[in-house]
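This report refers to the structure that appears directly beneath it.
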Amino acid sequence: LFLCTASLSLPPTCAAVADLVRAAMNAMAGGQAPQVSPAEMMVAEMKGMADIFAKMTASCYSKCIPNVKEEKLSVGEMSCVDRCVNKFLDVHQKVGVELQAAAAGGAPAPASAAAE
């Protein structure tokens with residue numbers, strides 16, 4: 001599960017995923033099987049991951065690389081980017097676990113399960 005909640009207005013890829021999820025949920029609520037093909041879900045997942053990667057890249061670049069002076073990153077810039085990417089991915093994974101638990105109607109996942 002990927003996360004498309006960075007802003008109130010959904011980017012096109014997130015809107016498409018939201019439409020697919022809504023269609024699947026409406027179909028399941030009516031007792032029918034979802035009318036979404038596996039290929040459509042895979043394309044939506046790939047678009048969502050590309051969107052998340054672009055957001056992570058922009059966020060970490062703006063935080064860690066104030067200006068480009070040389071062709072290679074400094075040690076400090078590399079360390080900052082490494083920490084930023086790790087934090088971004090950890091938070092994304094934890095939020096995904098919580099959203100899946102909420103969507104399943106269960107209680108929020110314990111912190112130990114989210115850390116795995």
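Hydrogens, waters and symmetry mates play no part in the numbers below; they use all other heavy atoms, side chains included.
The SG atoms of Cys84 and Cys60 are placed within less than 2.5 angstrom of each other.
Within the 4.5 Å cutoff, no side-chain heavy atoms of Met78 are placed close to those of Asp82. A 4.5 Å side-chain heavy-atom check between Gln93 and Leu89 finds every atom pair outside the cut-off. Looking at Tyr61 and Val68, their side chains come closer than 4.5 Å, going by heavy atoms from C-beta outward.
Atom CD1 of residue Ile52 and atom OG of residue Ser59 lie 11.0 Å apart, to the nearest 0.5 angstrom. Of the inter-residue distances, the one linking Ser79 atom OG with Arg83 atom CZ reads 4.0 Å to the nearest 0.5 angstrom. Between Glu45 atom CD and Glu40 atom CD the span is 14.0 Å, to the nearest 0.5 Å. Atoms NZ and CE, from Lys87 and Met56 in turn, are 14.5 Å apart once rounded to the nearest 0.5 Å.
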Quiz item: How far apart are the C-alpha atoms of Asp51 and Lys55, what are their side-chain angles, what is the distance that settles it, and do they pass the side-chain contact (heavy atoms from CB on, under 4.5 Å) test?
Solution: CA-CA 6 Å; Asp51 186 48; Lys55 289 178 183 177; 3.4 Å; yes
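Taking each heavy atom of Lys72 and Glu77 in turn, the nearest pair found is O-OE1, 4.5 Å.
Hydrophobic cluster membership differs between Val43 and Phe53, with clusters built from Ile, Leu, Val, Met, Phe, Trp and Tyr side chains linked at under 4.5 angstrom.
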